[in-house]
J.: 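Input: one structure, supplied below.
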Amino acid sequence: MANIRLESVSKRYPDKVAVDNVSFEVPNGSFFALLGPSGCGKTTILRLIAGLERPDAGEIALGARPVAGRGGFVGPEHRGLGMVFQSYALWPHMTVAANIDFGLAGRGLSRADRRRRVHEALDLVGLSAEGARRPHQLSGGQRQRVALARSLAVRPEIILLDEPLANLDAHLRQTMLAEFGRIHAQAKTTFVFVTHDQNEAMALADQVAVMDRGRLQQLAPPEELFARPASPMVARFVGQGRLLAGDVLASGEGTTRFRLDNAEFQVEGRAPVGPGWLCLRARDVQLAKGGGSGERLNGRVVGSRFEGGDHRLTVQVGETGAVGSVDVLSPQRGTIGEAVCLALRGGWVLAREAA
Amino acid sequence: MANIRLESVSKRYPDKVAVDNVSFEVPNGSFFALLGPSGCGKTTILRLIAGLERPDAGEIALGARPVAGRGGFVGPEHRGLGMVFQSYALWPHMTVAANIDFGLAGRGLSRADRRRRVHEALDLVGLSAEGARRPHQLSGGQRQRVALARSLAVRPEIILLDEPLANLDAHLRQTMLAEFGRIHAQAKTTFVFVTHDQNEAMALADQVAVMDRGRLQQLAPPEELFARPASPMVARFVGQGRLLAGDVLASGEGTTRFRLDNAEFQVEGRAPVGPGWLCLRARDVQLAKGGGSGERLNGRVVGSRFEGGDHRLTVQVGETGAVGSVDVLSPQRGTIGEAVCLALRGGWVLAREAA
Amino acid sequence: ASGTITVYTSQPNDQMAAVVAAFNKDHPEITVDVFRTGTTELMTKLEAEFTAGSTPADVMLIADAVAMTKLKNEGRLYAYADAPTAGLPEAVIDPDRTFFGTKLITTGIIYNTNLVKTAPVSWADLTAPDVAKSLIMPSPLYSGAAVIHVDTMVQQPEFGWKYYETLADAGAVAGQGNGTVVEAVARGEKAYGIIIEYMALNAKAKGSPVDFVFPKEGVSSITQPVAILKDSDNIDAAKVFVDWQIGKTAQEQSVGQGYFPILAGVNPPAGYPALDSLKIMSADPAKMLADDAANKQKFADLFGG
Amino acid sequence: MADLSVPRVSPTGRQRVSRGDEPLFVAFLALVVLVLAVWPLGRLFVEALGTGEGGKSFGLMSEALSSRAFERAFWNTLETSSASVVVSVLLGLPLALAISLFRIGNRVALTFLVLSPLLIPSQIMALAWIELMGSSSPLLGLLGFAQAQGETNPLYSRGGIVWLMGIEHMPLVFLAVRACLTTLPEDLIEAARIGGAGMFRIVTGVLLPLAVPAVVAGASLAFAASVGNFGVPALLGIPGRYPMLTTLIYQRLNGFGPAVIGQVAVLALVLVSMAGVALGLRAIVLRRSAPIDRSGRPLAPFEAGRFHRPLVFALWSVVTLLSVVPLLALLGAALSPAVGVRLGLDSVTLAGFRSTLIDSATVRRAFANSILLSAGAAVATAGIAVLLAYFGTVRRLMVARRVAWFAELPFIVPGTVLALAYILVFLPPLPLIGVSIYGSATILLLAYVARFLALAIGPVQTALASLDPSLDEMGRILGARTFRRIARLIAPLAAPASAAGAILVFMTAFNELTVSALLWSSGVETIGVMVFSLQYEGNSTAAAALSVASIGFVLVLALLVDRLGNRLPSGTLPWRH
Ligand SMILES: Nc1ncnc2c1ncn2[C@@H]1O[C@H](COP(=O)(O)OP(=O)(O)OP(=O)(O)O)[C@@H](O)[C@H]1O
Ligand SMILES: Nc1ncnc2c1ncn2[C@@H]1O[C@H](COP(=O)(O)OP(=O)(O)OP(=O)(O)O)[C@@H](O)[C@H]1O
Ligand SMILES: [Mg+2]
Ligand SMILES: [Mg+2]
């Protein structure tokens, strides 16, 4: 019953349009991620859903109930949501346990039930020992976990999470993600989830909405987003894609013939004949022995960096740098300036507005 | 001249030992990462270096100058450092530009110079348009960037950064990391860098100090940390390593014979004969077609999650779960319960205290 | 004589300003600085100044002869033997010539003309329960004039402390100074008050619904003495001021301000009874001084203030 | 950072000393407080230790403390002051909450009226209430509660004293709470709303607890002010035969004689220890208050929705009762030809105004003096308060906390006592300089600063106690010296609180009576003294006219400052958002 619907919602600040005519629907019990660069309006959308901001235009509905727009406005206290603030917003005068307990009061729970729930929530985030402390006595990540526990404890139908894992280490992040999954599976809670971290979004979400400068760029399941980005922005943002400028020579049936720096390739994509981008992730290319032609690219190493046990080399394609550069993984550290040859294993072609 | 030296430094809070007898040295002009789970004492160490806390025991020196310990105490205003706080600590009553300018005053810079530097710093973090705003008008990530710009603008010899990138998206993160690298290379600034994100630490640091519960666990360059973790904690924390319990049968010359769930392997490691851990990262294993023996492991898929274009399957090794589980990457989504066979490509053996 | 003298006084500001102006018309060479406040504060300030070493005051002009006598006994006052006292009644002059009365202020009864049908004529009328219940008086703890009045009343055989006990039992209250009394009565909050005459008559003249009675048993009288402090660093100028105060000009001016004059040959203000038709209750100054502390204590015990 | 060739900045300063210039600042503050408070009061208290009539050591003390009168006054003072603090909190806290939390019109007018009890002299306030409660009360008459003619007014009682002191000190609580609320970050409220909390729970569960330190700070000031209040006990307590310590002190002063100062000093010591307990309590609460990250969006007022009308109605009713009625009474008195004359169109006169404002050069001078002295005291106390609070609560220097404690003493003793102490030490020429400031405006200024430091320190300490320390730490990291950090970081962050303090000081000093009564001299008359003199002489029309003029004057001043409001850090002016 509690799906979320935004219709042509806009929100302006005096000197900035934070959300620009955004429409989407979050299905019931889904796991929905809002992904985008810093300042693109993710927090603002979350605040609009929560009822902490009123839209300047458009409508918002929760389930069948319009909560903002023409039909009046329902305040956050009547929307029955949970929310984790980016700033945590812990009450400094309360202990950790009291912070969590606050939302449980007035819900007809017995005292013992409340205590148990607080306890469970603390356990969940690994802070059982810190219940009696006050927020200023906690480390940054611990504070974030308290904020998380506070909103999970009330078990709302919709939980809004604003960068809930930004200050947590990989291990805790896994634990929390798993816990979200569990809650989601058990209670069919709808999760709306703001993040700038595409891995986080991809790992868990059914649907990912990619935003840029207040606009919705693409709304798709993670795999599609990854494999078939709808715009250059999405291609760049998701999976650290690199874009190479070239030309689409022929197009049809989800595949294109693409010319890049004197070489031609058959690559998946949906773009008309004309200028085009070839989007390549590190996993789409491989170092190939020896120079060559056909499905090969020549380039020069311009950067190298250790990552996840491999070295990520940045390779400038072509001689001039006009085409662009791509990343490739290599077991060895790269030498800057070294000439390399890359073999293509995948890729995605997008239309390019001629410069 | 500005290397940093900690000698047996401890810091206690009334009910907690936050830093426990930690010693290390940060060489001049190096890029030093403090890595560890939430609450392990990273921020506290940074505050000790900055002079915001006094150690309860031990000594700290910056360059040749003792700054804390027996020889008195030098306040933060005389240590000449830069710092980015985990909580940003932006001054709410000043505009973004004024926040950055504050540290530049009183350093003999001309008004024009100061303006230029503020401008450059804003440019750097992509906030040129927001100089006249106040912190509460910024998004979370934008605030973090202001904090970053503020400490970079003064160009100190040592910069302490507390989770400086936690709220930035991958793209900005790359930009900032590259900028750190550039400043570091040009000005030989010493960077000390707190993070819970091993990728961040690995990508940039010369040296990584891994902490756990106030103690220093291992201090090593990233590659060594990854390849040869000194303790099970480090193995788990770095590169999402999974540990499988088994026995070291023979050991010598950096390689061991290891028995695991009825199979025996030759694996790198430095552990005496006896109980041992086999540490495996996703990149150390591969799905192998068909069951088998020798350098193979049999298991069962217990989880699957989309990550970076691949699916990361969690596989329980053996029948009972007593041995442990490992992650493996697969191009296809895994089916829970499916039996799989894994081939080993690497790994590392550690001593295990018998349970 | 020239220079500056500082006068400590409890006389109202605007009156004092007029006095200084008139004085300067005759003696432009002398600058007069005035410090005005209630008698109690004045004496406190003086005491603190003595403790600290010295006082800037040269001349005292206060209502409370008891306080003045105390100062004299402490040796603070200058004996001005050759003061021009001709025409002054001996009763207002200190035998040691340290202070001299400057005018006569009497204390009588004020009542609210809206509330009171039959005006009281005597002190005894105030003891009627209905009257006493609605009576207010100034407290000797705040007002120098009230000190003299209470000390005088208790010396009268027909009144004594019994008189005050009766009042207190019936519900009469004490305010602070005379100002509180006229305020309370004029507003109709209290129907009767004990007060110095000029304040009541001034209020009546301005239109307040009050009237004043000189009780038939007599009135207490205050002489508003002036004195020179021994430590004064400008005794000569101070003498000029004192001379002027007890001279004709000053006396005529104070009549204009609503005071009975003290100098023979100066007529009382219009509407005031002739001075010799007034019965003034006598009181022994020495006894007043001796009993002063005890009287204040007793009053405080009765009226709480 | 495109260009790294610009010479890099090296660490500032070369000292090995940790504290840098802090000891200098603290020493300076200690000196200021020593001269302003410790030395004069200490000198006075030495008198208290003198021998009594019996010649025993501490004889004075035991004599003064063993009397029945003392015991009665002591308990009365304790009871009445505590009860009046309750009244102040019950009035000031809801007013502050309502005006801070809800979007309502006429905020400036409301705030000014709420603060006006500071400006209306006690006696005027008392008279207005006496009228209101008395036999001819128009209000009670309407309700049918009016008393029979000639009955003793119920205000002449303990209850009356409690009520009036409660009103008089309500602004202390109001301003402290308001300064705290305006800077609270909004997300704390939002989190509660998300949690489903309604207005009531938000107020009781989040706002009130967060405001507790401010309430305690305001209440402890109100307590100290009540304990040392002379005006109300004198006006109501004397006719009501209800002695308090301050009136007892006055009685003792009246005894006049060498031992008087000692006796008074003993009683003053008692007052100091009473208020000292309250201040100690406050210190404990402050120490427990948690730092608040205020970098988020500050609290914006809510729409009250369907409660808007009742709220506005309630607010204006309270303010009318507390401020408008007394003001009208005052205005009525100022316009009538003489006390007790029924005011009608035909009897209205501006004579009172003419005689005080136009005819008297002294009054005009008193205006100028009062403005300069109060403004000077307001600025000086706010400055000292910021310094003391910074070193005490942010830097946590023990010495600074001690110094702050001493700085509050002059507020607790009755004004007369402070003035006595000042005469004792400042009459002789000052050491080193050889000049005496006695009889000049300087001594009044010093006395005002000393007397009202407590008013300024309280709110600032509360604000800084909840300041996120990293804001100052960041300044230190960037190498900013103490002075610069205070000027650029701490002072603006504490601006709402220090402005609240400065406003309190200005308004209170403008009407100050008891200290000025002994310390003014010709040429440096003050408004408070003038009003009181006029009243004392029975010229209450003129007194009222002067009061009205001074209130009008402060109002104009407030409006002028409001014009500057845009340039001040947000939340500085208590009537703005
Ligand atoms: N003021 C304090 N009082 C008591 N305990 C504290 C205080 N500050 C920190 N701690 C505790 O000290 C430990 C170390 O804190 P620290 O802030 O250094 O952690 P951290 O490694 O930075 O963690 P995170 O990644 O979560 O920020 C934590 O367990 C924390 O709860
Ligand atoms: N109160 C405000 N006044 C003016 N502009 C604002 C205000 N709050 C936010 N903005 C602007 O609106 C834009 C969107 O802000 P929002 O907080 O939604 O970003 P975000 O996507 O959550 O970013 P981040 O990942 O950095 O938190 C930003 O550019 C921000 O500067
Ligand atoms: Mg955000
Ligand atoms: Mg931390």
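Sequence lines set the chain letters: A, B, ... in the order given, protein chains first and strands last, and positions in each chain run from 1. We use all heavy atoms of the structure for the numbers below, so side chains are in, but hydrogens, waters and symmetry mates are not.
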J.: Please look at D:R72 and chain C and tell me whether the side chain, the backbone, both or neither of the residue comes under 4.5 angstrom of a heavy atom of that chain.
T.: neither
J.: Does a sphere of radius 6.0 Å around NZ in C:K72 hold more than 12 heavy atoms from other residues, nucleotides or ligands, not counting ones at 6.0 Å or beyond?
T.: yes
J.: What pair of heavy atoms forms the shortest contact from D:R241 to C:A172, and how long is it?
T.: NH2-O, 2.5 Å
J.: Does anything in residues 53-64 of chain C get under 4.5 Å of chain D by heavy atoms, and if so which residues?
T.: C:G53, C:S54, C:P56
J.: Quick one: of D:P243, D:P428, D:A543, D:A517, who has the most non-hydrogen atom pairs under 4.5 Å with chain C?
T.: D:A517
J.: Among C:K206, C:M199, C:E183, which has the most heavy-atom pairs under 4.5 Å with chain D?
T.: C:E183
J.: Name the region of C:T6, side chain, backbone, both or neither, that has any atom closer than 4.5 Å to a heavy atom of chain D.
T.: neither
J.: Just give me the residue among C:A186, C:G179, C:G38 that pairs up with chain D most often, heavy atom to heavy atom, under 4.5 Å.
T.: C:A186
J.: Pick one of side chain, backbone, both or neither for C:A17, based on which atoms fall under 4.5 Å of a heavy atom in chain D.
T.: neither
J.: Under 6.0 Å from the CD atom of C:E165, do we count more than 12 heavy atoms belonging to anything else shown?
T.: yes
J.: To the nearest 0.5 angstrom, please state how far the CZ atom of C:R36 sits from the OG1 atom of D:T362.
T.: 12.5 Å
J.: When rounded to the nearest 0.5 angstrom, what distance separates NZ in C:K45 from CG in D:L427?
T.: 8.5 Å
J.: Is D:Y438 in contact with chain C via its backbone, its side chain, both, or neither, using a 4.5 Å heavy-atom distance?
T.: side chain
J.: Among C:V182, C:N13, C:V185, who wins on heavy-atom pairs under 4.5 Å with chain D?
T.: C:N13
J.: Could you give the distance from CG (D:L513) to OG1 (C:T37), rounded to the nearest 0.5 Å?
T.: 8.0 Å
J.: C:T51 pairs by side chain to side chain contact (heavy atoms under 4.5 Å, CB included) with which of D:I423, D:L420, D:L44, D:L424?
T.: D:L424
J.: If you take all heavy atoms of D:A234 and C:Y142, which pair is closest and at what distance?
T.: CB-OH, 4.5 Å
J.: The criterion is ring pair (Phe, Tyr, Trp, His ring centres under 6.0 Å); which residues satisfy it with D:F230, sequence neighbours excluded?
T.: D:Y250
J.: Shorter than 4.5 Å, heavy atoms on both sides: which option in C:G177, C:S10, C:P209 has the most such pairs with chain D?
T.: C:P209
